[in-house]
Chemist: 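Here it is: the structure, laid out below.
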Amino acid sequence: MRDGATSGALLDWYDIHARDMPWRVSPADRAAGVRPDPYRVWLSEVMLQQTTVAAVRDYFARFTALWPTVGDLAAAEDGRVMAEWAGLGYYARARNLLKCARAVVRDHGGVFPDTREALMSLPGIGPYTASAISAIAFDRAETVVDGNVERVMARLHDVHTPLPAAKPELTALAALHTPEARPGDYAQAVMDLGATICTPRSPACGICPWRDPCAARAEGTAPELPKKTPKKQKPVRHGVVFIGRSRDGAWLMERRPESGLLGGTLGWPGTAWVAVSEEVPEAIPPAEAEWRLLPAEALHTFTHFHLRLSIMVAEGLPASGGETASATLRPGAQGWVPRGDFRPSDMPTVMRKAFDLARSAMDNDA
DNA sequence: CAAGCGTGGGT
DNA sequence: TACCCAAGCTT
């Protein structure tokens, strides 16, 4: 069953109000037959997973400049891709991005498959992203369900079941509205609606193209939907990192193991991170030196815990074993990264915070 | 299948 | 300040 009236009203709104994004083909261009590049659609959708449009823009521009095609990306060095992703978060996305690019080259001749099922089998592409690529890049009538769509459907149909339990019901409702005509524009239109009109707080119901059919607006319940099950509070963990510099200005760094928190990213050697109620593990320095403890800690919040990171610094160390380009550092390995190759922006934010504090302390010595 | 997995911006 | 939230996927 399809609902042409509601989708039509939304598409009319989208023709006028579609937001301009670097990876998007405007409704007018799309009507003229222009199709988006599946590579750019895929890259943008992966970057946009749990991430705001504002945060993605610059990363998308850098990635497409460095690697214009999926073949270019597939041929890139792992460490280069991890460095470019640094700061965007959820680093499994970057690891899966490379796996996916290489699978597209190896198994699909460098051409993205155009069905939801085939897309779903690729690393890092789940139900949402498979539908989004299929609809947006290939104009297939797949139903796209992200956080925006869940919120819009919960309000349009006044669903009070809390998420995530309500997800199947909201997905079914979303499918009823998905049109056969212009499914790609429609998918982007619902998400634009959720991002600009049907917002989590203070929805602008007065100017909504769906104000008439919206059940929650009629009931006055829109601002309180969707209901969500309460989340647990975050515990605090504590750890120590060592930031060491050689006589030649090289930095002693490590690449974290492939799996787990910050997997595959560049950072500083240190202890495990444990609950404050536990004993911080013996801080065994990664090199012989006179390490001194900084008076300030790096504070950072991850998805499921707060971190307080103590920082030890030392300078003038001998770079025993020679220097190593950061991008070639293997997961689990440590090495001296030469001064000219070191960029703080290659590290995840928590490690950059620790470095900023260390640099201030070192500069103060000079 | 509940939990693990980042970060920056808004209120 | 301390939440809440964002175009989710994997295990």
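Computed from a predicted structure; not experimentally measured.
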Chemist: Quick one: A:Y91 OH to B:dT7 C1', roughly how many Å, whole number?
Modeler: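 So the OH-C1' distance, A:Y91 to B:dT7, works out to 7 Å.
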Chemist: Under 3.5 Å, is there a donor on one side chain and an acceptor on the other for A:Q49 and A:R93?
Modeler: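 Side chains of A:Q49 and A:R93: no pair found under 3.5 Å.
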Chemist: Would you say a side-chain N or O of A:R95 is under 4.0 Å from OP1 or OP2 of C:dT10?
Modeler: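 For C:dT10, neither OP1 nor OP2 has a side-chain N or O of A:R95 closer than 4.0 Å.
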Chemist: Sticking with atom C1', work out how far B:dC5 lies from B:dC1, rounded to a whole angstrom.
Modeler: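 Rounded to whole Å, the distance is 16 Å.
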Chemist: For a quick test of reading the model: is some side-chain N or O of A:Q49 closer than 4.0 Å to OP1 or OP2 of C:dG8?
Modeler: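 False: A:Q49 side-chain N/O out of range (4.0 Å or more) of C:dG8 OP1/OP2.
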Chemist: In whole Å, I'd like the distance from the NE2 atom of A:H306 to the P atom of B:dG6.
Modeler: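 Taking NE2 of A:H306 and P of B:dG6, I get 16 Å after rounding.
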Chemist: A:E150 CD to C:dC5 P: how many Å, rounded?
Modeler: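 Interatomic distance, CD of A:E150 to P of C:dC5: 12 Å.
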Chemist: May I ask you to list the residues sharing a hydrophobic cluster with A:V34, side-chain cutoff 4.5 Å, ordered by chain and number?
Modeler: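 For the cluster that includes A:V34, the remaining residues are A:V25.
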Chemist: Identify whether any heavy atom of A:R19 sits under 4.0 Å from a base atom; if not, whether one sits that close to sugar-phosphate; answer base, sugar-phosphate or nothing.
Modeler: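 Base contact.
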Chemist: Which residue lies toward the 5' end of DNA chain C, A:V145 or A:K231, if each is placed at its nearest nucleotide?
Modeler: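 Residue closer to the 5' terminus by nearest nucleotide: A:K231.
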Chemist: Inspect the surroundings of CZ in A:R35 and state if more than 12 heavy atoms from other residues, nucleotides or ligands are less than 6.0 Å away.
Modeler: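 Yes, CZ of A:R35 has more than 12 neighbouring heavy atoms, counting only those of other groups under 6.0 Å.
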Chemist: Whole angstrom is fine here: how far is it from CD in A:E45 over to P in C:dC9?
Modeler: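 That distance rounds to 10 Å.
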Chemist: For atom P, what is the distance between B:dG8 and C:dC9, given to the nearest Å?
Modeler: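 Per the computed distance, 22 Å lies between those P atoms.
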Chemist: Within less than 4.0 Å of OP1 or OP2 of B:dG4, is there a side-chain N or O belonging to A:Y90?
Modeler: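 No, outside the criterion.
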Chemist: Pick the closest DNA chain B nucleotide for A:F305 and for A:P164 by heavy atoms, then say which residue is nearer the 5' end.
Modeler: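 Nearest nucleotide further toward 5': that of A:P164.
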Chemist: Side chains of A:R116 and A:S131: is there a donor and an acceptor less than 3.5 Å apart?
Modeler: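 Looking only at side-chain atoms, A:S131 and A:R116 do form a donor-acceptor pair, the distance falling under 3.5 Å.
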Chemist: When you get a sec, tell me which of C:dG8, C:dA6, B:dG6 is the closest nucleotide to the side chain of A:T129?
Modeler: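 The closest nucleotide is C:dG8.
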Chemist: Take atom NZ of A:K167 and atom P of C:dG8, then tell me their distance rounded to the nearest Å.
Modeler: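 My rounded result for the distance is 8 Å.
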Chemist: Heavy atoms from C-beta onward define the side chain here; which of B:dA3, C:dG8, C:dC9 lies closest to that of A:D146?
Modeler: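 Nucleotide nearest to A:D146's side chain: C:dG8.
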Chemist: Taking everything shown except A:R330 itself, do over 12 heavy atoms lie less than 6.0 Å from its CZ?
Modeler: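 Open.
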Chemist: Which is more 5' along DNA chain C, the nucleotide nearest A:M21 or the one nearest A:P123? Just name the residue.
Modeler: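 The answer here is A:M21.
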Chemist: Mind telling me whether A:W210 and A:Y186 have parallel, tilted or perpendicular rings, with 30° and 60° as the class edges?
Modeler: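 Answer is tilted, since the angle falls between 30° and 60°.
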Chemist: Grab the two heavy atoms, one from A:V240 and one from A:L309, that are nearest each other, plus how far apart they are.
Modeler: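 Shortest heavy-atom separation between A:V240 and A:L309 comes out as N-CD1, 3.9 Å.
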Chemist: If you measure from the P atom in B:dG6 to the same atom in B:dG10, how many Å do you get, rounded?
Modeler: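 Rounded to whole Å, the distance is 23 Å.
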Chemist: Within 45 degrees of the ring normal and closer than 6.0 Å to the centroid, is that where the cationic atom of A:R352 sits relative to A:F355?
Modeler: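 No, cation not above the ring by the 6.0 Å, 45° rule.
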Chemist: Classify the ring geometry of A:Y39 against A:F112: parallel below 30°, tilted from 30° to 60°, perpendicular beyond 60°.
Modeler: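 If you compare the ring of A:Y39 with that of A:F112, the planes turn out tilted.
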Chemist: Does B:dC5 have its OP1 or OP2 closer than 4.0 Å to a side-chain nitrogen or oxygen of A:H304?
Modeler: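 For B:dC5, OP1/OP2 do have a side-chain N/O of A:H304 under 4.0 Å.
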Chemist: In this structure, how many angstroms lie between the C1' atom of C:dA6 and the CG atom of A:L163, rounded?
Modeler: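 Rounded to the whole Å, the gap is 14 Å.
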Chemist: Of all the choices, C:dA6, B:dT7, B:dG6, which nucleotide is nearest to the side chain of A:P348 once you look at every atom?
Modeler: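 Between C:dA6, B:dT7, B:dG6, the one nearest the side chain of A:P348 would be B:dT7.
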Chemist: State which of C:dC9, B:dC5, C:dC5 makes the closest approach to the side chain of A:T303.
Modeler: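 Among the listed nucleotides, the one closest to the side chain of A:T303 is B:dC5.
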Chemist: Can you check the A:K232 NZ to B:dG4 C1' distance for me, whole Å?
Modeler: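 So the two atoms are 10 Å apart, to the nearest Å.
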Chemist: Name the nucleic acid region contacted by A:L262, choosing base, sugar-phosphate or nothing; use a 4.0 angstrom heavy-atom cut-off, strictly under.
Modeler: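 A:L262: backbone/sugar contact only, no base atoms under 4.0 Å.
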Chemist: Calculate the interatomic distance between A:L97 atom CG and C:dT10 atom C1'; express it in whole Å.
Modeler: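 Checked: the CG to C1' distance equals 16 Å.
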Chemist: All N/O contacts under 3.5 Å from nucleotides 8-11 of chain B to the protein, with atom names and distances to one decimal?
Modeler:
unit_1, atom_1, unit_2, atom_2, d
B:dG8, OP1, A:T349, OG1, 3.3

